[in-house]
Protein chains: 2
Amino acid sequence: MTSSTPPADPGAPPSRRELNKAATRQAITDAALGLLRAKGPGNFTVEDIADAAGISRRTFFNYFSSTDAALASIVHGFLDTAIQQLRLRPADEPLLVSAQAALTALADPEAVAPLAELFTLTQQSPLMQHSELEAWDHCRAQVFDVARERLGGSHGQQEDLYVHALSGSIIACGKAAMEVWFNRRGPDLTPASLSELRQLLIDSMALLGTGFTTPASLSTSRSS
Amino acid sequence: MTSSTPPADPGAPPSRRELNKAATRQAITDAALGLLRAKGPGNFTVEDIADAAGISRRTFFNYFSSTDAALASIVHGFLDTAIQQLRLRPADEPLLVSAQAALTALADPEAVAPLAELFTLTQQSPLMQHSELEAWDHCRAQVFDVARERLGGSHGQQEDLYVHALSGSIIACGKAAMEVWFNRRGPDLTPASLSELRQLLIDSMALLGTGFTTPASLSTSRSS
DNA sequence: GTGCAACTTTGCACTGAGGGCAACTTAAAT
DNA sequence: ATTTAAGTTGCCCTCAGTGCAAAGTTGCAC
C-alpha cells in the first residue's frame, strides 16, 4: 500500500522502496503535467496518465485518488515548503511577519515555476479548482495549527475565532497576491517579475496588518 | 434545458414552467437532504435522490451536476442572500461594515437552519468539502465584484491587490465565524446561540478591521 | 545465495458518475 | 386546434474509483 507508515526517520537513508515510490510519484505528476500541456484540461484520462508514466491504471490510484489530485500535488508541494518555512520562524514573531517571510522566501524561480505553469494552464477552466481550493484549505489548516501552537495552550474559546480568522485571512491574502501576480505577469519568471511577486506578498500581509485602511494606503507598492 | 434564459423580469408572474422547475429543484434538494439525514454522507446515489424526488436519474443531471452540487445549493442559497443584503448597503459605507451588517442580518433561524443541519451532517466527512469550498469561493467572487464597483472605475493595478485581498479576507473571516459557531454550538438554533453567531460575525469583521492586533483585544466578545 | 515475509504492482470485475442523443410529453403561442 | 418551444426520460456510452486476488519486488535472516 502507498499509505503505510513511512520510516518517519529523517536521518535514515531512504530505502529502495521509498525511492521507487518517490520516483513513481514524480513520474505520475510529470506525465499529468505533460498531458495537460499537450491536450489541455479535461482532454485526457487517468489511463492516459498511467500509460505516459509507465504504470498501470490501477497503480495510479494507489498514489492519487484522481487526476486533479495528481496535479494539485504540485500546489501541495509548494504550500508544504511554505509551511516548513513558516515553522522555522521564531515563535515569538508576529504571525503576519512570519508569513511574510515564509512566503517571500519561496518567491524564487525553482519553487514557483511549476506552480506558475499549472496556473496558466488551468486558469480558464474550472476542472482544477476543486483540488486547488482543497490544497489552499489544507495549507490554511496547517497555518491554523502553527498559530494555535504560538498562542500556547492557554487558549479559551475567544482565541478560537482569532486563530481561525487569522489563518484564513493569511491564506486569503497569500492567494490574492498570487492571483494578482498571475493576472499581471502570466508565466513570466524574470527576476523583475519575481520581485514584484515578493512585493505583492509583502503588501498583502501589510494590508492585513493595517486592517485594510482606506485605499489611500495603496501608494505603498510601486515596483514594476 | 435548465440553463436557458429565465424571463429575467422580476415583475412578471412566474410562468407554470418556472414554477415547475423551482418545485423540482426544491424536491431534489429536499430529497438529497433527507437521504443525507437517513443514510449519512456517501451512502446514497444519484439514483436514490432521483427516486426520492420522483424524477428520473437523467433529469437530476439537468438540474445538478452531482450529489454534492445538489446539497451545496443550500449553501449557495444562503450565501446568495448574503450577497443580496450586501448590495443593499449604501455604496459609501466601509465594506467591512457592510459585510458585518449583511451577515448579521442573516443570522436568523430560517436562514441558518438548513445550513446548520447540513454542516452538522457533513462535518465529519470530506465528501462535501468540494462543493462547499466552491460555494464560498463563488461568494468571494461576488464580494470581489461589489468591492470593485465601490472603488469606482478608476482602479489602477494597485487596487487589484487591495480588492482581492479584502474580499478574500472577508470571506475567510465569515467562514471562521461560522466554523467556530458550529464547533461551539452544534445544531443549536436558540436565540442565545444565534446571538452568539451574530457576535462572532461582528467580532471577526472587527478583527479584520483592526489588523488582528494582539490577542489582548480578545476581551471584546463575551457573549455566551 | 536461499527462502520467507512484507510490500507493491497489476489485471479483472463491478458500481456509479456524467453526458450525448433521440423519442416523448407538456406548456405556451397563434 | 395546431404548431412550436421547453422539459423529461430512456438508452447507451465512456470513464472514475474501488475491492480482490494473483502476480512481482524488496527486505531481512539464516
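In what follows, chains are A, B, ... by sequence order, proteins preceding strands, each numbered from 1. Just the heavy atoms: all of them, side chains too, but no hydrogens, waters or symmetry mates, feed the values below.
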Participant: For the side chain of Thr24(B) and the backbone of Asn20(B), is there at least one donor-acceptor N/O pair under 3.5 Å apart?
Facilitator: yes

Participant: Could you tell me how far apart Phe61(A) (CZ) and dG11(C) (P) are, to the nearest whole angstrom?
Facilitator: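 Atom CZ in Phe61(A) sits about 14 Å away from atom P in dG11(C).
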
Participant: Check Lys175(B) with Glu132(B), please: is the shortest side-chain N to carboxylate O separation under 4.0 Å?
Facilitator: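 Looking at Lys175(B) together with Glu132(B), the answer is no, because their closest N to O distance does not fall below 4.0 Å.
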
Participant: dT10(C) phosphate, OP1 or OP2: any side-chain N/O from Thr59(A) under 4.0 angstrom?
Facilitator: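 Looking at the OP1 and OP2 atoms of dT10(C), one of them is under 4.0 Å from a side-chain N or O of Thr59(A).
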
Participant: How many whole angstroms separate atom CG of Asn43(B) from atom P of dG16(C)?
Facilitator: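 Nearest whole value for this atom pair: 11 Å.
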
Participant: Measure the CD1-CG distance between Ile74(A) and Leu33(A) for me, rounded to the nearest 0.5 Å.
Facilitator: 4.5 Å

Participant: Once you round it to whole Å, what is the distance between C1' of dG10(D) and CG of Asp51(B)?
Facilitator: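 The distance from CG of Asp51(B) to C1' of dG10(D) comes to 14 Å, rounded to the nearest Å.
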
Participant: Is the shortest side-chain heavy-atom distance between Leu208(B) and Leu208(A) below 4.5 Å?
Facilitator: yes

Participant: Check whether the side chain of Arg57(A) and the base of dG17(D) form a donor-acceptor pair under 3.5 Å.
Facilitator: yes

Participant: Give a yes or no on whether the backbone of Ile202(A) and the side-chain of Gln100(A) come within a donor-acceptor separation of less than 3.5 Å.
Facilitator: yes

Participant: Assign each of Gly54(A) and Phe64(B) to its nearest nucleotide of DNA chain C by heavy atoms, then name whichever residue's nucleotide is nearer the 5' end.
Facilitator: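 The 5'-side residue here is Gly54(A).
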
Participant: Shorter than 3.5 Å, N or O on both sides, protein versus nucleotides 20-27 of chain D: list them out with atom names.
Facilitator:
from, atom 1, to, atom 2, distance (Å)
dT25(D), O2, Arg17(A), NH2, 3.2
dT26(D), OP1, Asn20(A), ND2, 3.4
dT26(D), O2, Arg17(A), NH2, 2.8
dG27(D), OP1, Arg16(A), N, 2.9

Participant: Rounded to whole Å, how long is the line connecting atom CD1 of Ile55(B) with atom C1' of dG7(D)?
Facilitator: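 Going from Ile55(B) (CD1) to dG7(D) (C1'), I get 12 Å.
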
Participant: Expressed in angstrom and rounded to an integer, what is the separation of His130(B) atom NE2 from dG17(D) atom C1'?
Facilitator: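 Going from NE2 in His130(B) over to C1' in dG17(D) covers 13 Å.
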
Participant: Provide, to the nearest angstrom, the distance between the NZ atom belonging to Lys21(A) and the P atom belonging to dC7(C).
Facilitator: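 Atom-to-atom, Lys21(A) to dC7(C), this comes out as 10 Å.
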
Participant: Going from CD1 on Ile171(B) to CZ on Arg140(B), what distance comes out if it is rounded to the nearest 0.5 angstrom?
Facilitator: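 With rounding to 0.5 Å, CD1 (Ile171(B)) is 8.0 Å from CZ (Arg140(B)).
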
Participant: Find the distance Glu47(B):CD to dG10(D):C1' and express it as a whole number of Å.
Facilitator: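 Distance check: Glu47(B) CD to dG10(D) C1' gives 12 Å.
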
Participant: Once you measure the plane-to-plane angle for His164(A) and Phe144(A), does it fall in the parallel (<30°), tilted (30-60°) or perpendicular (>60°) bin?
Facilitator: tilted

Participant: Does Tyr63(B) put a side-chain nitrogen or oxygen below 4.0 Å from OP1 or OP2 of dG7(D)?
Facilitator: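 False: Tyr63(B) side-chain N/O out of range (4.0 Å or more) of dG7(D) OP1/OP2.
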
Participant: To the nearest Å, how far apart are Phe60(B) CZ and dT9(D) P?
Facilitator: 13 Å

